[in-house]
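Read through the structure below, which is laid out as structure tokens, and then see the notes.
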Amino acid sequence: MTLKTKVNAALQANISTKKKKKKKIFTASNVMLYLMFLPAIIHYVIFSYIPMPGILLAFADYRIGGFNGWVGLENFRYLFNLPYFWQAFLNTWIFVILRYLISFPAPIIFAILLNEVKTTYYKKFLQTISTLPHFISWVVVAGIWTSMLSPTTGYINYIIRLCGGEPVYFLAKPKLFPFLLTLIGVWKEVGYSAIVYLAAISGIDPELYEAAIVDGATKFHQMRYITLPGIKNTVLVVLVLSFAGVLNFFEPPFVFMNPMIQSTAEVLDVYIYNVGLVKARYSLATAAGLFKSVISFVLLLFANFMSKRLTEDGRGII
Amino acid sequence: MSKKAFVRLMVLVMCMCLLFVTMSGCGEKPSGKPTVEEQTKQEDDKQTEQKAEGQTEQKSEDTPQAVARPEFMEITRTLYFGDATDNPDLKEEWCKAFEEKFGIKIKVNSPPRNEYLQKVNLMVASGELKGLVNLFTPNDVLKYKDDGVIEPLDEYIKDNAVWNSMPDGFKELHEYDGQVWAIAMGYSGNYFTRAIRKDWLDKLGLKVPETVDELYEVARAFTLDDPDGNGQDDTVGLVSAGTWNLQDIFQAFGARLNNVGGNSIAWDPNEDAWVDSMLKPGMVDALNYLADMYKNGYLDREVFTNSGSQMREKFLSGKYGSTFYWSMWGYSSEPQIQKSIPDAKVIEVVGLKGTVTQNLNQVVTTGAPYVLIKGTPQPKEVVNAFLDIFFGDKLGHFMGRLGIENKTFKFVDDNTIYTLKDPGTGQGYAQPGIVSEIPRFGSDKITIIPDGTEEEKQRSIEMANIKKKMTEEGFAIKILFECPGKMDVLLSDKYTEVSADVNRIFNDTVVKVVTGEMKAEDAIAEYRKQMKAIGGDIILQEANAAIGRQAKQTY
């Protein structure tokens, strides 16, 4: 056997060993990681996979009394002809657009601004008070803001009156409501959502800023050319991951709902709840839920495609 | 394990899960074979049925015999000693006391009030709930009947002496297609009245309003003339939660709302037919009247966002002059208002006259219905025990209404009961509310007085007398009226299907006009279009056909 052959054989053996090693799913080093992942798998199996055959109800006549036969696409036909279904669908998309225009950039901007605060105690104080609302349930948030915005006893209208203005019945203006709820959502979530961006900013090499200062870069230039590119990948991942659940939006509009703003506040999830669960029309609710899931699935595929296009290493999320 | 093998294994597990769940999910298909558990249950049911049939046959030959007591009763009712999580000790103690007194083990399910029907529907659909279940409206009973989850009760109760002694009106309340499908939880007349701050009227030199025009003047003065005399612009004429507490105004214009103020399809006593008041000329006047009140601030600006509890809290705060709510609530709320305003007084008006002067205010005689869920063990025994104990036995009835004897209430003599106070809080106890008043134990026979000072007891007696007098006068001047038969139940399959949409279209219309967004005529034209689209004509036809009439209106 020549030396070349021996070397080749050794290399082949080495490669095949590596390949074999790669194929191992459970190794001594990762078995703990899988164990930690196990609760999540169990959760998904119980709450996502086991109930999945329930989508068959969308094609059945299922009442309180039980199964009454298959009806094909009848539930969908009925649903699409309901007077407020498409209004609810449109309302949902209005909230989605506002979410990406206002709610999504807000924590990024907040994180960048917070990063510029140099006094540590003040920075931590700001971060704490901005994160706190995240831990208040939407029901309580609704109570707080309904009181704040009351035209008779609310603080905001009190200030308006002090300034000589007329009280505004904020929660009775249907056109204003989507913006109002989006802003309340920003107040509630901006601090908590900013944590991931703050972490990304802290990972940027400080020498880049030092070099930029030497080159005469202003704060704005530093943000434009160092901070934003530095967190670009994080922003993209958060963005594409958010697409799949974009239509899941129940609690905030539900807790603020009143007859005056129903025309803009009733989103798809609330409508499904009202026509399906409240009236015990389970097949109809399932059909609406399935319709929403199909759209979410398409969005997920789109997000995956975008992820492949936009991330530096071309990886998808699925 | 190789990656490929692991993936294969996972796929197999998932497929098995899906297959298993699909098969078990479709287990209740009519053609499917029953499981062992179902077979056992079916055999039990069959035995019970045979037993019941045997007993019935025997009874048809002999005199009626007392039905044996069940071993166990399950009742589902909201606001049982408060809401779902309130007073757990009282809830448990009541069940023990019931078992001690009547020898029947009892379980009372109490889902939260704000999602009661949703929870009950799901529990019934999944087969988890049996026994007697309290629903809210006759339309709920009809839905359960049509969905085949409840049993008709005729065969079980036809020989029950208590049932047979009840007034015909009570027995017919939930009779559909010739069968009794539910038992009302009570049978006593109650109605809404307009509660008004009497001390404000006196201070401003106004008389108690009898017409909507006079009410307008009162609301204006209450809002603008500083009735509380504090020099601040902080009082409002009327408070309401949506249209619920404005019904007397609609009635005065001849535009009655339905029995819960939720939409405008109602039985009109003056026309003896089901009509949509939105299509009547009076509705334009009523909406314009309210729009004017709203614009001027005489009507609470949060009228359409107030909940029922917010409406009550606002009136009790002492800054709002009037609302339309259950009779005697205004009088009984005086002490609460007096905590912050010592000289506060409330007076109640039985109804307001307007363009219509008779048959204005409906006395509600229905009680929320109890239905018997199919598959309940010992159904005949359960239903008969329920009737015998809660409607036939004095102690059982008041345990169902007031709680635990000698803890939450006590019999003083044959005609008087004191409701007791919790020594810990100094307040009265929450009540089980399993049943409500019935003629056999009505307020004309037994007086219920909160235990307290002599002054408080005297006040309770006075209030009972006031209500009696107010009711008699209300009927005498023909402002109060009772619905004959089941005229407050809209019997229409179409309505059952689209009632949520009907309520919403009605609300939209009222909100738009009252807040000044649209003119009444334009909003009503829009209303017509929307109602036509969802089958409003069919609703009116079906509702009138059910009482042997023809619909007089179309959209």
Side-chain angles (χ1 to χ4, degrees), chain A residues 20 22-26 41 44-46 49-57 60 62-70 78 81-84 146 149-154 157 167-174 256-263 266 271 273-282, chain B residues 1-7 13-14 17-26 28-30 115 117-118 120-122 124-125 127 143-144 146-150 234 236 242 300-302 304-307 314 319 374 496-501 503-505 507-508 510-512 515 517 530 533-534:
Chain A
K20 271 183 188 171
K22 267 188 183 174
K23 281 182 181 174
K24 288 269 187 191
I25 294 226
F26 297 110
I41 292 176
Y44 272 98
V45 168
I46 293 174
Y49 283 91
I50 291 179
M52 211 178 272
I55 57 173
L56 292 173
L57 292 186
Y62 191 91
R63 301 178 190 183
I64 301 173
F67 181 75
N68 281 290
W70 299 104
Y78 184 83
N81 284 312
L82 281 173
Y84 295 107
T146 304
L149 297 169
S150 163
T152 48
T153 55
N157 273 306
V168 181
Y169 195 174
F170 290 103
L171 288 175
K173 295 196 174 299
F256 277 99
M257 184 67 73
N258 71 61
M260 296 185 81
I261 53 170
Q262 199 166 2
S263 58
E266 193 170 55
Y271 192 70
Y273 174 81
N274 286 335
V275 302
L277 289 181
V278 174
K279 304 294 285 180
R281 289 146 84 180
Y282 303 120
Chain B
M1 187 187 282
S2 74
K3 186 179 175 183
K4 208 170 180 180
F6 178 73
V7 171
V13 170
M14 294 298 178
C17 282
L18 285 174
L19 191 66
F20 171 75
V21 176
T22 308
M23 290 175 75
S24 61
C26 298
E28 288 189 26
K29 276 171 73 175
E115 50 183 8
L117 272 186
Q118 291 97 299
V120 165
N121 288 341
L122 281 170
V124 173
K143 182 167 179 56
Y144 271 49
D146 293 343
D147 284 354
V149 289
I150 57 174
D234 59 353
V236 179
D300 180 20
R301 290 205 182 269
E302 291 172 292
F304 294 113
T305 51
N306 285 334
S307 63
K314 283 186 170 180
K319 294 292 180 189
K374 270 186 183 170
T496 306
E497 185 187 326
V498 297
S499 59
D501 292 326
N503 291 347
R504 184 173 170 175
I505 294 168
N507 262 324
D508 277 355
V510 174
V511 165
K512 280 175 183 164
T515 58
E517 198 184 314
Q530 291 181 323
I534 64 162

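So that the names make sense, note that chain A is the first sequence line, chain B the second, and so on, each numbered from 1.
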[X] [atom1] to [Y] [atom2] distance, which is reported to the nearest 0.5 Å:
{"X": "Arg281(A)", "Y": "Lys143(B)", "atom1": "CZ", "atom2": "NZ", "value": "7.0 Å"}
{"X": "Thr152(A)", "Y": "Lys319(B)", "atom1": "OG1", "atom2": "NZ", "value": "12.0 Å"}
{"X": "Met260(A)", "Y": "Glu302(B)", "atom1": "CE", "atom2": "CD", "value": "10.5 Å"}
{"X": "Thr153(A)", "Y": "Asp234(B)", "atom1": "OG1", "atom2": "CG", "value": "12.0 Å"}
{"X": "Met257(A)", "Y": "Thr305(B)", "atom1": "CE", "atom2": "OG1", "value": "13.5 Å"}
{"X": "Gln530(B)", "Y": "Tyr84(A)", "atom1": "CD", "atom2": "OH", "value": "4.0 Å"}

Practice problem: Report the C-alpha separation of Leu82(A) and Asp501(B) in whole Å, then their side-chain angles, then the decisive distance to 0.1 Å, and conclude whether the side chain to side chain contact (heavy atoms under 4.5 Å, CB included) test is met. | Solution: CA-CA 9 Å; Leu82(A) 281 173; Asp501(B) 292 326; 4.3 Å; yes
Please look at [X] and chain A and tell me whether the side chain, the backbone, both or neither of the residue comes under 4.5 angstrom of a heavy atom of that chain.
{"X": "Leu122(B)", "result": "both"}
{"X": "Asp146(B)", "result": "backbone"}
{"X": "Ile534(B)", "result": "side chain"}
{"X": "Thr515(B)", "result": "side chain"}

Exercise. Might you work through the side chain to side chain contact (heavy atoms under 4.5 Å, CB included) test for Asn507(B) and Gln262(A), ending with a clear yes or no?
Key: CA-CA 10 Å; Asn507(B) 262 324; Gln262(A) 199 166 2; 5.6 Å; no
Quiz prompt | Heavy-atom closest pair, residues Tyr169(A) and Phe304(B) | solution =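 Heavy atoms of Tyr169(A) and Phe304(B) come nearest at OH-N, 4.2 Å.
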Quiz item: Can you name the nearest heavy-atom pair linking Leu277(A) to Gln118(B), along with the distance?
Solution: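 Between these two residues, the closest heavy atoms are O-CG, 3.9 Å.
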Exercise. Identify, with sequence neighbours excluded, every residue that meets side chain to side chain donor-acceptor pair (under 3.5 Å) alongside Asn258(A).
Key: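 Residues passing side chain to side chain donor-acceptor pair (under 3.5 Å) with Asn258(A): none at all.
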Quiz prompt | All side chain to side chain donor-acceptor pair (under 3.5 Å) counterparts of Asn274(A), not counting sequence neighbours | solution =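 Side chain to side chain donor-acceptor pair (under 3.5 Å) check on Asn274(A) returns Glu266(A).
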Practice problem: Could you tell me whether the side chain of Arg63(A) and the main chain of Tyr144(B) form a donor-acceptor pair under 3.5 Å? | Solution: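 Pair absent, no side-chain N/O of Arg63(A) close to backbone of Tyr144(B).
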Exercise. Using the side chain to side chain contact (heavy atoms under 4.5 Å, CB included) rule, take Ser150(A) and Arg301(B) through it: C-alpha gap first, then chi angles, then the decisive distance, then the call.
Key: CA-CA 9 Å; Ser150(A) 163; Arg301(B) 290 205 182 269; over 6 Å; no
Practice problem: Against chain B, work out which of Ser263(A), Ala60(A), Pro259(A), Ala172(A) has the most heavy-atom pairs shorter than 4.5 Å and name it. | Solution: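 Most heavy-atom pairs within the cutoff with chain B belong to Pro259(A).
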Self-check item: Part of Tyr78(A) lying under 4.5 Å from any heavy atom of chain B
Solution: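 The side chain, not the backbone.
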Exercise. Walk me through it: do Tyr282(A) and Asn121(B) pass the test side chain to side chain contact (heavy atoms under 4.5 Å, CB included)?
Key: CA-CA 10 Å; Tyr282(A) 303 120; Asn121(B) 288 341; 3.1 Å; yes
Practice problem: Would you please say whether a donor-acceptor pair under 3.5 Å links the side chains of Ser499(B) and Lys279(A)? | Solution: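 Present: a donor and an acceptor within the cut-off.
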